[in-house]
Amino acid sequence: MSRYYVTTPIYYVNDAPHIGHAYTTVVADVLARFHRLLGEEVYFLTGTDEHGQKIEDSAAAKGLTPIALADAVVQRYHALWKRLGMTHNDFIRTTEDRHQRGVLKLFGEITSRGDDIYKGRYEGWYCKGCEAFYPESQIVEGKCPDQGHPVQRLSEESYFFRLSRYQEPLLKHYADNPSFIFPETRRNEIVSFVSSGLKDLSLSRTSFRWGIPFPGDPQHIFYVWFDALANYITALEYAGSQDLYRQFWPADVHLVGKDILRFHAVYWPAFLMAAGVPLPKSVVAHGWWLRDAAKMSKSRGNVIEPNSLLDDFSVDAVRYFLMREMAFGQDASYSDEALIERCNSDLANDLGNLVSRTLKLLENSFGGVVPDPGSHSPRGEGLAPAAQAAWNGMVGGFKEYDFSGALSRVWELVSATNKFIVEKEPWKLAADPARRDELGWVLYDAAEALRVTGLLISPVMPRAARALWGQLGLQRDPAEESLTEFEWGRLAPGTRIAKGESLFPRIDKKAYLARLGTETPEAAKPAAPIARETNVDEASIDIEEFRKIRLRVGKVTAAEKVEGAKKLLKLQVDLGDEVRQIISGIADKYAPEALVGKQIVLVANLKPATIRGVESRGMLLAAEDAEGRATIVTFDEAVTVGATVR
RNA sequence: GGCGGUGUAGCUCAGAUGGUUAGAGCACGCGGCUCAUAUCCGCGGAGUCCGGGGUUCGAGUCCCUGCACCGCUACCA
């Protein structure tokens with residue numbers, strides 16, 4: 001039997017689950033359910049990443065042990081996945097013994113096979129909030145580029161992985177396996193990144209304790225990526241019986257958000273190559289959910305809370321929306337309106353109402369028993385061709401991760417069925433005893449089309465699919481069925497239907513939005529929060545803040561180009577009491593000799609930085625023109641060198 | 001700065017290998033039906049296919065160029 005192993009990333013327990021986590025996991029669940037329907041043996045893994053400094057710090061701040069904090073947050077994930085109907089086969093936590101042993105085993109494989117691991121020193125600007133080092137060039141005013149947290153200069157002993165050695169093998173792997181990274185545009189990015197050269201990767205930290213200690217050197221703790229990525233095999237008892245590992249590794253799909261693609265498409269395969277472990281078959285990256293076109297973030301206050309969504313909408317509606325609304329791989333916008341539109345148009349009006357009308361017609365004309373279609377149905381007439389097309393489209397779309405397209409194809413069957421009913425006018429046929437056979441055929445086809453529809457939507461909307469089948473009088477769950485071949489006509493005549501509650505109730509959009517406290521759809525647009533944030537960013541500073549910046553008059557005494565750099569000049573600037581060396585990116589406009597003797601304005605108390613290996617202790621002020629070229633600020637008459645500018 | 005991507009109806013998006021009047025869903029207008037969750041079906045309006053060149057008998061689809069937005073990356077101090 002063919003096997004299918006799909007994973008989600010493991011989620012960091014510092015954060016409560018949000019819509020992004022929910023999306024990734026729903027996609028994985030849909031894939032898992034789809035492949036089970038294809039008769040494959042599926043292993044679906046998700047879990048949590050629980051180590052690291054952030055957890056250590058958060059726990060301490062709350063007076064908890066790290067594991068107690070992790071335990072608490074993990075419960076929230078379990079609860080959400082249960083609510084969302086997830087069918088993962090396993091949930092791994094990096095604090096589990098099987099994981100820790102697995103990490104050590106994987107590491108041991110690498111060290112025993114060569115010299116890919118070595119000890120060195122790591123130095124850089126470290127952001128505690130992000131748990132990451134940033135290159136000099138990315139530090140903005142002493143803050144990290146991602147979140148704006150303060151950074152600190154850190155130097156520590158570290159173990160390194162010779163990633164640089166794997167540049168060629170990785171490129172070859174990408175070339176030989178075009179489907180290794182999906183979508184193609186992401187693949188291009190990775191190829192380009194790797195082509196430009198790889199630096200060795202720091203694998204350990206000594207700055208925190210909460211993690212897996214290095215074998216033989218317990219001062220060192222495994223840094224996040226080696227620890228976390230290994231989960232994909234440690235969960236398979238890689239360091240134990242290896243039963244699952246032998247069955248399911250290599251994985252078919254590592255599903256990830258585009259932000260962590262590099263770790264999965266570069267670092268992870270390199271680790272595996274070094275350890276002599278087969279590589280996963282594919283890494284598939286999806287886009288982000290934006291809030292009405294703006295990026296969601298806590299600081300913006302525009303995050304979508306999955307649990308509150310589930311308070312108002314059915315699981316199936318939420319799952320359907322996530323799968324249908326996003327063109328897979330691209331970013332998509334979440335909006336309350338869009339969600340309600342999907343619920344009302346696709347689910348309530350099209351499908352829900354179709355179920356309702358079909359069952360009612362069966363009740364009225366055949367006492368709620370599925371009639372015999374006679375000789376009409378199986379011959380390419382009626383709805384059979386449309387059902388076949390929907391089946392083809394759904395299966396084809398899923399295999400290319402085009403969930404939205406796949407669902408569209410299914411909805412073409414729904415439309416075709418609605419149209420079929422309108423055209424055949426069964427309520428008129430019912431009034432004519434002579435046309436009873438035709439009536440039976442028409443209603444049989446409609447019911448059978450619904451059976452097929454239920455099967456096709458079951459990976460996305462398992463509960464609704466089951467309910468639909470139940471109302472058709474079927475005892476089985478679509479999940480127990482097979483999608484491997486299309487078979488029209490399996491609904492047995494004589495089946496007693498069981499019309500029940502509306503499958504997808506309509507949602508009162510106005511009432512819903514009003515309840516959210518947004519008077520009109522326009523008011524619901526998040527222009528407000530964004531504007532607020534902009535105001536904060538552009539906010540006036542008071543004089544005290546400005547006084548922190550020390551601007552001084554400097555005279556350029558020497559200038560030369562920085563070797564190997566296009567735009568950089570190395571300047572010696574006399575401040576009267578000292579001479580500073582600074583680096584400035586103005587070489588495209590100024591020749592070095594043209595600068596000597598000029599008086600400039602220098603930001604004198606800027607933290608020193610090293611650019612292109614050259615120390616820079618200050619920054620000169622310049623205006624930037626439309627082409628991005630700089631014009632330096634100077635004085636219209638000579639002033640005292642070293643004087644303060646304000 | 002380099003590389004890559006995107007730019008198609010009011011909105012969200014489809015549109016291998018260039019070929020008759022450019023599509024779907026939603027929204028909008030009109031008509032039909034009444035089994036159905038004020039639902040369904042039909043018809044319709046609407047688009048300089050980002051701009052400008054070019055190749056071609058013919059380009060949304062290929063080439064060049066410009067603009068805008070996005071992503072990755074970088075010596076943007």
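Protein chains get the first letters and strands the later ones, always in sequence-line order, with residue 1 at the start of each. Scope of the values below: all heavy atoms of this structure, side chains included, with no hydrogens, waters or symmetry mates.
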Peer 1: Measuring only the P atom in each nucleotide, how far is B/A14 from B/U8? A whole number of Å is fine.
Peer 2: 11 Å
Peer 1: Tell me: CD of A/Glu341 to C1' of B/C28, nearest whole Å?
Peer 2: 13 Å
Peer 1: Distance between the P atoms of B/C41 and B/U37, in whole angstroms?
Peer 2: 16 Å
Peer 1: Would you check if A/Thr417 and A/Thr453 make a side-chain contact, meaning some heavy-atom pair closer than 4.5 Å?
Peer 2: no
Peer 1: Specify the separation, in whole Å, of atom CG of A/Asn344 and atom C1' of B/A38.
Peer 2: 12 Å
Peer 1: Taking the side chain of A/Ala348 as heavy atoms from C-beta outward, which of B/C41, B/C40, B/U37 is closest to it?
Peer 2: B/U37
Peer 1: Do A/Val284 and A/Val256 make a side-chain contact, defined as non-hydrogen atoms from C-beta onward lying under 4.5 Å apart?
Peer 2: no
Peer 1: Which whole-number value in Å describes the distance from A/Glu189 CD to B/G5 C1'?
Peer 2: 8 Å
Peer 1: Take the protein atom CD of A/Glu363 and the nucleotide atom P of B/C35, then report the distance between them rounded to whole Å.
Peer 2: 14 Å
Peer 1: Are the aromatic ring centres of A/Trp225 and A/Tyr267 under 6.0 angstrom apart?
Peer 2: no
Peer 1: Would you say the ring centroid of A/Tyr166 lies under 6.0 angstrom from that of A/Trp268?
Peer 2: no
Peer 1: Could you measure between the two C1' atoms, the one in B/C67 and the one in B/G52, and give it in whole Å?
Peer 2: 10 Å
Peer 1: For A/Arg506 and B/U39, give me the distance from atom CZ to atom P, rounded to whole Å.
Peer 2: 4 Å
Peer 1: Using both distances under 3.5 Å as the test, list the Watson-Crick or G-U wobble partner of B/U56, or none.
Peer 2: none
Peer 1: When both hydrogen-bonding distances must be under 3.5 Å and the geometry is Watson-Crick or G-U wobble, what is B/G23 paired with, if anything?
Peer 2: B/C13
Peer 1: Does any nucleotide pair with B/C43 by Watson-Crick or G-U wobble geometry, both distances under 3.5 Å, and what is it?
Peer 2: B/G29
Peer 1: Could you check A/Asn418 against A/Ser192 and say which one's nearest nucleotide on RNA chain B is further toward the 5' end?
Peer 2: A/Ser192
Peer 1: Counting Watson-Crick and G-U wobble pairs only, both distances under 3.5 Å, name the nucleotide matched with B/U6, or none.
Peer 2: B/A68
Peer 1: Do the side-chain N or O atoms of A/Lys419 get closer than 4.0 angstrom to the phosphate oxygens (OP1, OP2) of B/G42?
Peer 2: yes
Peer 1: Among B/C35, B/U37, B/G71, find the nucleotide with the atom closest to the side chain of A/Asn353.
Peer 2: B/U37
Peer 1: Distance check needed: B/U12 P versus A/Trp411 CH2, whole Å only.
Peer 2: 22 Å
Peer 1: From CZ of A/Phe321 over to P of B/U12, roughly how many Å is that when rounded to an integer?
Peer 2: 13 Å
Peer 1: Which nucleotide, if any, forms a Watson-Crick or G-U wobble pair with B/A74, using both distances under 3.5 Å?
Peer 2: none
Peer 1: With heavy atoms under 4.0 Å as the rule, sort A/Gln330 into base, sugar-phosphate or nothing.
Peer 2: sugar-phosphate
Peer 1: How far does the P atom of B/G10 sit from the matching atom of B/G1, given to the nearest Å?
Peer 2: 33 Å
Peer 1: Taking atom C1' in both B/C49 and B/A9, what distance in whole Å separates the two?
Peer 2: 10 Å
Peer 1: Indicate, with a heavy-atom threshold strictly under 4.0 Å, whether A/Ile190 touches base, sugar-phosphate, or nothing.
Peer 2: nothing
Peer 1: Just by modelled atom types, is the A/Ile507 backbone N or O under 3.5 Å from a matching donor or acceptor in the A/Asn344 side chain?
Peer 2: yes
Peer 1: Decide if the gap between the ring center of A/Trp391 and the ring center of A/Phe398 is smaller than 6.0 angstrom.
Peer 2: no
Peer 1: Quick one: on RNA chain B, does A/Trp427 or A/Arg342 contact a more 5' nucleotide (nearest heavy atom)?
Peer 2: A/Arg342
Peer 1: Given the P atoms of B/A22 and B/A38, what is the spacing between them in whole Å?
Peer 2: 38 Å
Peer 1: So, is A/Arg357 close to the B/U39 phosphate, meaning a side-chain N or O under 4.0 Å from OP1 or OP2?
Peer 2: no
Peer 1: Please pick, from B/C41, B/C35, B/U37, the nucleotide with the shortest atom-to-atom distance to any side-chain atom of A/Ser415.
Peer 2: B/C41
Peer 1: With under 30° as parallel and over 60° as perpendicular, where do the rings of A/Trp289 and A/Tyr334 fit, or are they tilted in between?
Peer 2: perpendicular
Peer 1: Go through B/A27, B/G4, B/A36 for me and flag the one nearest to the A/Ser356 side chain.
Peer 2: B/A36
Peer 1: Check the distance between B/C26's C1' and A/Asn349's CG and give it to me in whole angstrom.
Peer 2: 11 Å
Peer 1: Taking atom C1' in both B/G15 and B/G7, compute the distance separating them and give it to the nearest angstrom.
Peer 2: 15 Å
Peer 1: Roughly how far apart, to the nearest Å, are B/C63 and B/A27 at atom C1'?
Peer 2: 39 Å
Peer 1: Within the 4.0 Å heavy-atom criterion, would you say A/Ser196 contacts the bases, only the backbone, or no part of the nucleic acid?
Peer 2: nothing
